[in-house]
Amino acid sequence: MKKLWEMINKQFSDEKATGVFLGTNILRWTIGTLALGIVFCIVTETRINGCIVNLMCAAIYAGIIFGLFGGIIFLMRRSS
């Protein structure tokens, strides 16, 4: 997260950097979880159509839990 914060902080002003960081972190966790789940379904030869709803649900939860809350905790630790 540190490298992501530094990269975003270079591109955006301080006012916008926090929102962009949290949004990017949520998308990163969501897309990463979804991609990993699809690879798992392919490797285990499970029908992707049958597990796509479960994968999307897990990816959204991972994005919210790890992306949003993890990003907030990261920013709180940086500011103190």
Would a hydrophobic clustering, with Ile, Leu, Val, Met, Phe, Trp and Tyr connected at side-chain separations under 4.5 Å, put [X] with [Y]?
{"X": "Phe40", "Y": "Ile42", "result": "no"}
{"X": "Val53", "Y": "Met56", "result": "yes"}
{"X": "Ile26", "Y": "Phe69", "result": "yes"}
{"X": "Ile72", "Y": "Ile64", "result": "yes"}

Exercise. Which heavy atom of Thr24 sits nearest a heavy atom of Val20, and at what distance?
Worked result: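 In this case the closest contact between Thr24 and Val20 is OG1-O, 2.7 Å.
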Exercise. How close do Leu55 and Cys41 get, heavy atom to heavy atom, and via which atoms?
Worked result: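 So the two residues come closest at CD1-SG, 3.9 Å.
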For this session: Name the orientation class of the two ring planes belonging to Phe21 and Trp5 (parallel below 30°, tilted from 30 to 60°, perpendicular beyond 60°).
Result: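 Perpendicular.
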Exercise. How about Glu6: does its CD atom have over 12 heavy atoms from other parts shown lying under 6.0 Å from it?
Worked result: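 For Glu6, atom CD is crowded (more than 12 foreign heavy atoms under 6.0 Å).
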Atom pair [atom1] ([X]) and [atom2] ([Y]), whose distance is rounded to the nearest 0.5 Å:
{"X": "Leu27", "Y": "Leu22", "atom1": "CG", "atom2": "CG", "result": "11.0 Å"}
{"X": "Ile60", "Y": "Thr33", "atom1": "CD1", "atom2": "OG1", "result": "10.5 Å"}
{"X": "Met7", "Y": "Phe12", "atom1": "CE", "atom2": "CZ", "result": "9.0 Å"}
{"X": "Leu34", "Y": "Ile52", "atom1": "CG", "atom2": "CD1", "result": "5.5 Å"}
{"X": "Arg78", "Y": "Met1", "atom1": "CZ", "atom2": "CE", "result": "12.0 Å"}

Problem set entry | Given Leu75, Thr30, Leu4, Ile8, the one that forms side chain to side chain contact (heavy atoms under 4.5 Å, CB included) with Asn25 |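 Considering Leu75, Thr30, Leu4, Ile8, a side chain to side chain contact (heavy atoms under 4.5 Å, CB included) with Asn25 is found only for Leu4.
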